[in-house]
Trainee: 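Right, I'll just put the structure down here and ask away after.
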Amino acid sequence: MKIIFYPLDYQYKVKDEQVLIYLYGKTQEIASQEQKNTPQSQKIVITFPYQPYFYAKLNNSIDKGDSNRKNIADYFQKINIDVHGRPAKITAWKEVEKEFLGKKEKFLQIYANFPQAVPALSQELESKGLKCYEKDIVFIQRFIRDTGLWPFSPLEAEGEFISDLSLRLPLFSAHALRTLNEEEKLKLPPLPLRIISLDIETYARERAIDFEKNPILMIGLSGVDENNKENDNNEQKNENDGKNNDEKDNDKNNNNKDNDKNNNSFQKVITWKTFPNNLENLEVVENEAEMIKRFKEIMLSYQPDIITGYFTDGFDLPYLKFRADKFNIKLDLGTDFSELDASANRERKEGRIAGLLHLDMFKFVRNIFGRNLKTDGFSLDEVSFELLGHRKHEVDISELYSAWDSNSEKLADYCRYNIHDAYLALQLCHKLLPDIRELTEITGLPAFDAIRMSFSRLVESYILKRAIEYNVLAPNRPSSYEINSRREESYEGGFVFEPQPGLYENIAVFDFRSLYPSIIVSHNIGPESFRCPCCKNIKNNAVPERDDYWFCQKEKKFTPLILEELIRKRMELRKALKIVQPKEKALLEARSQALKLLGNSFYGYLGFSGARWYGFECARSTTAYARNYIKATIQKAEDAGFKVCYSDTDSCFLLLGDKKLDEALEFMKAVNKNLPGMMELEFESLYPKGIFVALKNTEKKQSEKSNKREEKGAKKKYALLDTKGQLKIRGFETVRRNWSPLAKELQEKFLNLILNGKKEEALEYLRQTVSLLKEGRMPKKKMIIKTMITREIDEYASIGPQVVVARKMLERGYPVPPGTMIEYIIVRGSNLVRDRAKLVEDVKEGEYDAEYYLNNQLIPAVSSILAVLGYNEDEIFSDSKQTGLGSYFK
DNA sequence: CGAGCCCGGGG
DNA sequence: GTGTACGGGCTCG
């Protein structure tokens, strides 16, 4: 029997001495007559046997003569290592030729009887002097790359349905799998996915998030079935929305309510308290335990393909798991009846449900998509606003507990808020799914892994995937010792033109399109081409400022070559994008985006200390070329009579002065005439006004330091006036939880006033805050600093303020296990901060150290904003730093 | 100044 | 799961 199947999630299991890949996903259409009884587009499981393997270097002593081969055979057959009670054995091996760092060599490909046997076997072989490779490739990832069976991509499976009571879904045992070709794929209708989004609200007095003490109050769920045209219409509307608009929001909620009747799209909030309301989607149950049981029921009956949410990895799922455990409820949502695997205490916070693809949209945005966003923070509110044009509901979440305690009708607002959050996460998932799909296809990773990975690992996955096509063997991951020694080395980063502080007019901004990738490709920079013997004596081939570095000019090498292919593919896409139908456009746009992100990360990967294809000299050469190009460009601009006011790595800010924009564009054309390969200078935009502020000393040091290791350095601090006359402020860090409420409040209000153009009011507010602080009139509640204890108190090597306070708490008999939030206030005195840290209950009103709070809390909270506005923070605060109240504030 | 440690998101 | 993020900022030593 043959079926068409879309894999979504992957797993492997060892059953009866056989390694089976479990592909969880959907059948789409019936491929043959026989299985007419199987419903269309049904969730099923496919199993397929696959054998783990790794490589070993075939050294001379083994390669010589039959006797050695026999010795090796005897040795391999004899190996039997116990791994968690299972004997690890070599089941087969063969000789293969592979390219390793540019050279063809012979290796042994060695098969193991189960995946966890690989590290044990390779360790054994290495102890006998055989160097091993590809011994730590995640087995599922290996399977996907080898077979090309990417998630979301249809495959044809040959086999039969068999009965397996250990699974919640029908099981298809496959003996052959193949990907469909493009022609076959086109014949298939799009895969309809059913997605459910989850959001919980919890009891939290004073911002305390405490899994043990605080119950879950409500669970918001929002589901969508993509096989529903009404929803597609909604989506269209959504894209045209633009800014926040509550009416449209309500529209959509109503539509979804209507959808409820005809299909599987729905919105629901479950809670366990009765209060006055007119909510249609509310379901009230007896208590928290019943609520969790109901959640489980809904999950099992709705049968989603994907579960999503915002920070569900680190909050919602671990919280649910913890509370379920507390009530002895089994959250066995897994397709194989396994329990939800989620914990907030583990090193790696991930929520897994076997066979159900969990996409935490926060992880995807923070790790990957955030590069495309303007926002600094990655809160649901900020991200939804930028991507969907909708904000979270305006509700004071810190008052939820009191509304709960008083059975207030306000709880209805919190229910709406809850469901809206789930809805926003669902829409984010819906909107970003094409991007996720493209990313998984390019990198050959399961979607679960792809969205949770750093850029360097994504690049590495892409290289590993292409390595199969090019018969390239992957270098090993560096040891932690090697990583540390790599981190010791540093090199010069991009060139930064230090701006003259001041206000400028008519700034024409130009930048090199994908500067680093284009340099790598144009100069064939890669570990395989570095200092090739064949190009040693070629003239003018040395790297700028480095006459001992050169790269091969005769042959395109693996890493720069696959980067070039990535870029070319994208260029073709950009061309195609101009002529395709709007329907296809979104997908191609996502593909182009994914290609761009990966391409731009190649440089960072070469300099990444954990990289398999590490290329310190490559990364160093890339920035050296870049500095050379941008400096030459600045020189040319000045020769053409423009003044350059700023430049950073790949950009060049020209002051038009009395010249026309056309003249600047002419300059650009002249530059482009002399650039090699795929390098190109582009016109970015014209800004009528812009403010440049000198970096503070400490910041300058920091950014120089970080530039050495990063691809582009941190996001810049700047202020630009756009055509609508609005000031855009970027690059100041948001306040974190180990800051006092005082600092948080100040930053929030101050920023708000400034952004609304109320500069005088903002400064007045700042003045008043400082006065209150100095006079000791700030309530102590606002001075509390919170820090979490992450280990046993004795284990601290460095005694910070939170450790001192934790010790005091221990003395008083308070339990202080890891995870405890320590709350303290800094009081007056002349010693170290930690000696002045007091337990909140020991502090009298007005006892706090105003100077500490001014210098360490207030000033840092607003200084970057002041700086961007052209105020010198030293000027404003200097007197108050020394004498108390600054003259400015009198 | 280097090393050590915590933060993000979530309520 | 053929595993353990990461870069920035503060504080101590």
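Atoms considered below: every heavy atom in the structure, side chains included; atoms not considered: hydrogens, waters and symmetry mates.
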Trainee: Is there a side-chain polar atom (N or O) of A/Y203 under 4.0 Å from OP1 or OP2 of B/dG10?
Mentor: no
Trainee: Side chain of A/F311: nearest nucleotide among B/dG11, B/dG9, B/dC6?
Mentor: B/dG9
Trainee: Is any side-chain N or O of A/S454 closer than 4.0 Å to OP1 or OP2 of C/dC6?
Mentor: yes
Trainee: Is it the case that the ring center of A/Y111 lies less than 6.0 angstrom away from the ring center of A/W93?
Mentor: no
Trainee: Measuring only the P atom in each nucleotide, how far is C/dG1 from C/dC6? A whole number of Å is fine.
Mentor: 15 Å
Trainee: Extract all donor-acceptor atom pairs below 3.5 Å that involve side chains of residues 786-796 of chain A and protein atoms in other chains or at least two apart in sequence.
Mentor:
from	atom 1	to	atom 2	distance (Å)
A/K786	NZ	A/E206	O	3.3
A/T787	OG1	A/Y824	OH	3.2
A/T790	OG1	A/Y796	OH	3.4
A/Y796	OH	A/T790	N	3.0

Trainee: Check whether any side-chain N or O of A/R834 sits under 3.5 Å from a backbone N or O of A/V805 as a donor-acceptor pair, and report yes or no.
Mentor: no
Trainee: Check the phosphate of B/dC6 against A/T790, side-chain N and O only, distance under 4.0 Å to OP1 or OP2. Yes or no?
Mentor: yes
Trainee: Can you see whether A/Y414 engages A/E201 through a side-chain donor-acceptor pair at a distance of less than 3.5 angstrom?
Mentor: no
Trainee: Quote, to the nearest angstrom, the C1' distance that separates B/dG8 from C/dA5.
Mentor: 12 Å
Trainee: Side-chain N or O of A/K363 less than 4.0 angstrom from OP1 or OP2 on C/dC6?
Mentor: no
Trainee: Please report, rounded to the nearest Å, how far the P atom of C/dC10 is from the CG atom of A/N855.
Mentor: 12 Å
Trainee: Does C/dG13 have OP1 or OP2 sitting under 4.0 Å from an N or O in the side chain of A/R834?
Mentor: yes
Trainee: Any stems for DNA chain C, made of 3 or more Watson-Crick or G-U pairs in a row, each with both distances under 3.5 Å?
Mentor: B:1-8 with C:6-13
Trainee: Between atom CH2 in A/W739 and atom P in B/dG8, what is the gap in whole Å?
Mentor: 12 Å
Trainee: Output yes when at least one side-chain N/O atom of A/R366 is less than 4.0 Å from OP1 or OP2 of C/dA5, else no.
Mentor: no
Trainee: Could you verify whether a donor N or O on one side chain and an acceptor N or O on the other, from A/Y53 and A/D146, lie under 3.5 Å apart?
Mentor: yes
